[in-house]
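Input: a single structure, listed below in structure tokens.
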Amino acid sequence: MNKETLEQNYRAVTANIQQACKRSGRSPDEVGVIAVTKYVGIETTEAVLDLGVGHIGESRAQEAVPKWEALGNRGTWHFIGHLQRNKVKDVVGRFTYIHSLDRFSLAQEISKRAAQKEVTVRALLQVNVAGEESKFGLSPDEVVEFSREVAALPHLTVAGLMTMAPHVPNSEEVRPIFRELRALRDKLDTYRGASEKQLELSMGMSNDYEVAVEEGATMVRVGSSLVGRER
């Protein structure tokens, strides 16, 4: 993708977020854009960083590592895909955030690898709000207890919740899913107490991020609407 098109896309995404914030009485400063670069190469990823997008999202460790090796000193890197335990060693120490924590064995492996590298990983719990069999994630009624278990592990911080809504033609159809995740986040925040920083809400992708912002998203994961696809 050429630089001019990328700039146009970023302006459009930013404008859409601003309008969604206006409709919902929020500040655009509350919403971070994660550029999902899993379908583009190092050159386009670098161009995204040059635009001032400070957050990069990748979902395949074997493809993400070469990009991180080239560009990892720039921006904040988010691992947003399903993570297998044998790939944790490649992710920890490179990615500040992992958006797909959904089982305790994975949390233990992340904690172990983080201790070895003397880092702290900020993890978001993946919640399968829609109950789709094709998607990973905790069920909503598992989240509170799971978050307590994970909180006891060293070098691992629960930073928020993430969900993936079904891909439907009308994004209004997934509004209840985003609303439910926000309610779940608010419930967790109540348990955690006022002294703790409010948990992040990673929800919304290219097809539905405006609705997600209206429902409280603090992180939106935008790929095709921003960087397109090169493969």
Side-chain angles (χ1 to χ4, degrees), residues 13 16-17 20-21 23-26 30-36 38 55 57-60 78-84 95 97-107 110 121-151 156-192 196-225:
V13 169
N16 289 339
I17 289 173
C21 285
R23 291 191 295 269
S24 53
R26 302 182 66 198
E30 299 173 12
V31 184
V33 176
I34 300 172
V36 179
K38 64 181 181 179
H55 296 267
E58 288 281 338
S59 62
R60 299 183 181 93
H78 301 247
F79 192 84
I80 62 174
H82 180 67
L83 182 58
Q84 297 175 332
F95 290 80
Y97 289 87
I98 294 175
H99 288 233
S100 50
L101 180 56
D102 62 355
R103 56 204 188 278
F104 193 68
S105 60
L106 177 61
I110 292 170
V121 174
R122 298 177 61 78
L124 285 80
L125 310 185
Q126 182 171 352
V127 187
N128 189 353
V129 177
E132 293 182 275
E133 292 184 4
S134 62
K135 287 191 172 73
F136 298 98
L138 301 159
S139 66
D141 59 6
E142 294 176 313
V143 170
V144 172
E145 182 59 31
F146 184 76
S147 68
R148 289 172 176 162
E149 293 174 353
V150 171
L156 178 61
T157 298
V158 176
L161 303 178
M162 183 275 267
T163 198
M164 296 175 63
H167 194 286
V168 292
N170 181 6
S171 59
E172 280 297 322
E173 295 179 24
V174 299
R175 187 181 293 275
I177 291 169
F178 297 144
R179 191 167 291 169
E180 183 173 345
L181 192 74
R182 179 178 179 174
L184 188 56
R185 189 277 309 273
D186 293 346
K187 182 179 180 180
L188 277 179
D189 277 338
T190 299
Y191 285 134
R192 284 155 49 89
E196 297 286 342
K197 181 182 177 182
Q198 187 179 56
L199 292 168
E200 303 281 2
L201 277 179
S202 172
M203 58 188 194
M205 298 188 290
S206 287
N207 57 305
D208 54 20
Y209 68 88
E210 293 174 67
V211 172
V213 169
E214 291 173 359
E215 293 301 329
T218 62
M219 297 176 173
V220 292
R221 310 179 304 273
V222 185
S224 58
S225 293

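What you are looking at is a predicted structure, and each value in this text was computed from that prediction instead of being measured.
- Of all heavy-atom pairs between M203 and V220, the closest is O-CG1, 3.5 Å.
- If you take CE on M162 and CG on L201, they are separated by 12.0 Å, rounding to the nearest 0.5 Å.
- If you take OH on Y97 and OG1 on T157, they are separated by 10.0 Å, rounding to the nearest 0.5 Å.
- In this structure, P166 and E132 approach most closely via the heavy-atom pair CG-OE1, 3.5 Å.
- The distance from atom CG of N207 to atom CG of N170, rounded to the nearest 0.5 Å, is 11.0 Å.
- Listed by first and then second residue, the ring pair (Phe, Tyr, Trp, His ring centres under 6.0 Å) pairs that reach into residues 157-178 come to none, sequence neighbours excluded.
- Residues forming a ring pair (Phe, Tyr, Trp, His ring centres under 6.0 Å) with H99 (at least two apart in sequence, or on another chain): H78.
- Screening V31, V33, I17 against Y209 for a side chain to side chain contact (heavy atoms under 4.5 Å, CB included) leaves a single residue, I17.
- The two residues S147 and L188 have their closest heavy-atom pair at OG-CD2, 3.4 Å.
- R23 contributes no side-chain N or O that, together with a main-chain N or O of E214, makes up a donor-acceptor pair within less than 3.5 Å.
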Name every donor-acceptor pair, under 3.5 Å, that has one atom in a side chain of residues 136-145 and the other anywhere in the protein, sequence neighbours excluded.
unit_1	atom_1	unit_2	atom_2	d
S139	OG	D141	OD1	2.5
S139	OG	E142	OE1	3.2
E142	OE1	S139	N	2.9

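- Closest approach of F95 to F79, counting heavy atoms only: CD2-N, 3.3 Å.
- By the salt bridge (Lys or Arg N to Asp or Glu O under 4.0 Å) test, E200 is found to be paired with no residue, residues two or more places apart in sequence or in another chain being considered.
- In this structure, CE on M205 lies 12.0 Å from OG on S171, to the nearest 0.5 angstrom.
- R185 pairs with exactly one of T190, L161, V127, L125 by the side chain to side chain contact (heavy atoms under 4.5 Å, CB included) rule, that one being L161.
- Among residues two or more places apart in sequence or in another chain, the side-chain contact (heavy atoms from CB on, under 4.5 Å) test is passed with V121 by V92, I98, I110, A114, L156.
- In this structure, E173 CD and D208 CG are separated by 11.0 Å, a value rounded to the nearest 0.5 Å.
- Residue G223 comes nearest to S206 through the heavy atom pair N-OG, 3.2 Å, listed as atom of the first residue, atom of the second, then distance.
- Distance check, rounded to the nearest 0.5 Å: CD1 of I34 to CE of M219 gives 5.0 Å.
- Looking at Q126 and H82, their side chains never come closer than 4.5 Å, going by heavy atoms from C-beta outward.
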Walk me through it: do R182 and E215 pass the test salt bridge (Lys or Arg N to Asp or Glu O under 4.0 Å)? CA-CA 7 Å; R182 179 178 179 174; E215 293 301 329; 5.3 Å; no
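- Considering only residues two or more places apart in sequence or on other chains, V36 meets the side-chain contact (heavy atoms from CB on, under 4.5 Å) condition with K38, I80, R221.
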